[in-house]
There are 2 protein chains.
Amino acid sequence: MTGIKDIAKKANVSISTVSYALNGSDKVSEKTRDRITNIARELNYTPNLAGKTLKRKKTDIIGVYVHDFSGYFYSHVIGGISSTLKKFGYETIVCSGGNQARLFIPQRLVDGAIIIDPNFPDEDIANYAQQGYKIVLMWGGLSLPSISHVVVDNTQGAKQAIDALHLAGVENYVIVTGPTDSYDSQQRLEASLSEIQKFTKQPVTILTSDFTISGGIDTAKYIAKQDLKKIGIFSLNDEMAIGLYEGLNKFGVQPGRDIPIIGFDNDQIGQFLNPQLSTIDYSKKQWGESAAETIVSMIRDKKTENKVIKTRLIKKSSIADKE
Amino acid sequence: MTGIKDIAKKANVSISTVSYALNGSDKVSEKTRDRITNIARELNYTPNLAGKTLKRKKTDIIGVYVHDFSGYFYSHVIGGISSTLKKFGYETIVCSGGNQARLFIPQRLVDGAIIIDPNFPDEDIANYAQQGYKIVLMWGGLSLPSISHVVVDNTQGAKQAIDALHLAGVENYVIVTGPTDSYDSQQRLEASLSEIQKFTKQPVTILTSDFTISGGIDTAKYIAKQDLKKIGIFSLNDEMAIGLYEGLNKFGVQPGRDIPIIGFDNDQIGQFLNPQLSTIDYSKKQWGESAAETIVSMIRDKKTENKVIKTRLIKKSSIADKE
DNA sequence: TTGTACGCGTTATCAT
DNA sequence: ATGATAACGCGTACAA
């Protein structure tokens with residue numbers, strides 16, 4: 001409630017003097033600066049952000065957009081974003097992609113946005129980007145010259161997964177996908193199919209699921225009734241693989257023992273499964289850090305850039321060594 | 001970049017007419033309203049939040065403060081907060097408790113704050129609350145008339161945990177605590193000790209840890225060298241219990257089989273352990289919803305309130321039935 | 001029904 | 001070294 005003019009009144013100076021003193025200008029004597037600083041502290045003064053922003057035309061805040069707060073998946077990504085942005089003098093706020101929160105971008109509450117939520121409408125993104133708002137996307141698909149992308153190397157990851165199954169003696173591949181409109185899912189599937197072609201002419205079983213644990217449980221029944229000989233599963237994310245463990249066990253099939261299985265994302269839960277889930281890993285922290293560096297670069301250097309985060313195979317006992 | 005006066009110019013009206021038209025006032029004709037609305041859309045107009053806030057003196061944004069984004073633990077709590085706030089017309093932003101983000105409260109970027117982060121300094125909280133800023137704390141300890149509390153019933157939960165161990169035949173209790181300055185930890189410990197006294201005069205083994213998985217792993221060695229007869233473990237949260245599983249196994253001790261064990265929080269990972277971890281559950285969604293209702297009540301009805309979230313025992317195979 | 005003018009809190013320019 | 005004042009974008013009381 002206490003503003004710059006309250007301080008001015010109490011100190012018997014003008015508001016400009018107060019502003020100078022508080023913002024470290026050298027146009028004011030040490031004595032008055034100290035006096036004003038003390039009064040400001042005494043009155044619990046904090047500059048009102050609205051007034052300040054109106055004048056400065058920037059907030060030094062970056063918005064990170066997630067699909068919904070309940071998903072913990074991206075927490076390490078956001079941790080990486082936040083710590084890096086802090087180094088550059090920006091604060092991070094996390095928003096969910098509701099229509100209201102989206103407006104923070106054109107309302108200029110944020111100086112830039114990092115969008116993780118794949119459901120953030122392409123139309124809005126294109127619209128904002130075209131108007132000059134700074135946007136970094138954490139997924140592919142929408143390609144525009146005025147936005148930046150920082151994405152996981154799905155192609156490399158899918159190849160590593162298929163190669164691992166191949167080395168384990170798999171000849172009949174089962175791929176459990178995410179939602180059909182997911183770019184990650186599409187890209188991983190495509191790369192998988194092209195890699196499989198190098199090894200076999202056998203038809204590939206593609207089961208469409210939804211990237212969730214319960215989706216994996218539901219999908220299990222379609223796998224259980226297959227001929228299990230030389231079969232191997234690539235679950236396009238770990239969550240579904242966790243569901244597959246649970247679902248397949250109900251049918252008396254032991255994933256990881258009867259059937260080699262590998263996931264994608266290196267979800268923490270995978271290491272608590274029995275046998276431990278093999279997976280494709282990438283540094284979520286680094287992913288976030290790169291996104292943060294990119295948004296800062298867009299704001300300060302006014303240039304866009306696209307980065308790809310490398311993946312690596314994590315081989316656990318869910319893929320047995322070929323005897 | 002396009003403002004209210006750009007629209008006024010293009011529509012050949014004054015800025016007030018534009019404002020009236022856009023804010024649904026009945027002081028303007030339908031025709032002009034439509035015309036102005038169309039022009040606004042055409043120019044991609046979005047009101048600048050700073051200017052708007054300066055006038056309205058509120059943002060309809062509530063800030064949720066977490067310790068750091070990397071911890072996924074509170075995601076369902078935040079989900080509950082966000083969905084409830086939306087019903088009341090508020091947007092949710094999640095901030096980490098760095099010194100800079102804290103200022104959002106006195107800077108009036110947010111109309112109120114829900115603080116989950118236990119490390120948010122008491123001094124700042126007291127200071128803000130005293131100045132009339134609306135604050136809801138998700139933990140106990142700091143008690144002031146001008147702030148509200150929405151907390152988990154640690155006392156009830158601890159009793160349920162100890163009772164479950166008692167029923168399983170435990171006579172020698174081992175309690176693994178969180179950081180000594182954690183209010184949750186203190187409260188759970190205190191209630192546990194008082195409940196244990198009802199059953200036995202035996203000394204209780206208290207091992208101080210830190211609420212993390214690795215803390216649980218480290219603590220295991222102190223338990224492994226104990227005489228395991230009629231011993232039982234109450235880990236004051238699930239994360240440490242997960243670590244205890246891993247750590248104890250290294251010493252050839254099987255938690256949940258050789259030693260009954262129970263945690264607190266109902267972390268998802270517990271159900272993937274073998275045997276499944278018994279725990280104390282509470283609705284994280286409801287916890288968040290209550291906090292949201294409370295902050296709205298503070299803002300609109302100008303009254304504080306304190307709520308307690310009930311707990312319940314979830315008995316899994318980590319506590320065997322007494323034969 | 002529409003236009004003019006002021007105020008919100010801050011920063012910055014220009015005088016003094 | 002300090003003060004008066006304009007400007008930022010918006011909402012609204014008041015005048016026309």
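Numbers restart at 1 for each chain; the letters A, B, ... are given by sequence-line order, proteins then strands. Computed from a predicted model, the values in this text were never measured in an experiment.
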* Name all pairs fulfilling the side-chain hydrogen bond (donor to acceptor under 3.5 Å, both in side chains) condition that reach into residues 142-154 of chain A, sequence neighbours left out, sorted by first residue then second. => A:D153-A:K310, A:N154-A:D184, A:N154-A:Q187, A:N154-A:R188
* Asked: Using a cut-off of less than 4.0 Å, is there contact between a side-chain N or O of A:T32 and OP1 or OP2 of D:dT2?
  -> yes
* For B:Y282, check ring pair (Phe, Tyr, Trp, His ring centres under 6.0 Å) against everything at least two apart and list the hits. => B:W287
* Asked: Residues in side-chain hydrogen bond (donor to acceptor under 3.5 Å, both in side chains) with A:D34, at least two apart?
  -> none
* Which pairs pass side-chain hydrogen bond (donor to acceptor under 3.5 Å, both in side chains) with one or both residues in residues 44-53 of chain A, sequence neighbours excluded? -> A:N44-B:N127
* Asked: Between D:dA1 atom P and A:I36 atom CD1, what is the distance in whole Å?
  -> 13 Å
* So which pairs with a foot in residues 95-122 of chain A pass side-chain hydrogen bond (donor to acceptor under 3.5 Å, both in side chains), sequence neighbours left out? -> A:T59-A:D111, A:H67-A:D117, A:H67-A:N119, A:R102-A:D124
* Does any residue of residues 99-112 of chain B have a heavy atom under 4.0 Å from DNA chain D, and if so, which ones, in number order? -> none
* Asked: Only one of B:T92, B:I61, B:I93 clears side-chain contact (heavy atoms from CB on, under 4.5 Å) with A:I93; which?
  -> B:I93
* Structure fact -> Whether each nucleotide of nucleotides 9-16 of chain D has a protein heavy atom under 4.0 Å at its base (B), only at its sugar-phosphate (S) or at neither (-) is summarised, 5' to 3', as BSBBBB--
* Among all residues two or more places apart in sequence or in another chain, which pass the salt bridge (Lys or Arg N to Asp or Glu O under 4.0 Å) test with A:K284? -> none
* Just call it for A:D6: base, sugar-phosphate, or nothing, with non-hydrogen atoms closer than 4.0 Å on any strand. => nothing
* To do: State which residues pass salt bridge (Lys or Arg N to Asp or Glu O under 4.0 Å) with B:K10; sequence neighbours excluded, sorted by chain then number.
  => B:E42
* To do: Please list, chain by chain and in numerical order, all residues satisfying side-chain hydrogen bond (donor to acceptor under 3.5 Å, both in side chains) with A:T2, sequence neighbours excluded.
  => none
* Got a sec, which residues hit ring pair (Phe, Tyr, Trp, His ring centres under 6.0 Å) with B:W139, two or more places apart in sequence or on another chain? -> none
* Bend angle of the helix from C:dT1-D:dA16 to C:dT16-D:dA1 from five-pair axes at both ends, rounded to 10°? -> 50°
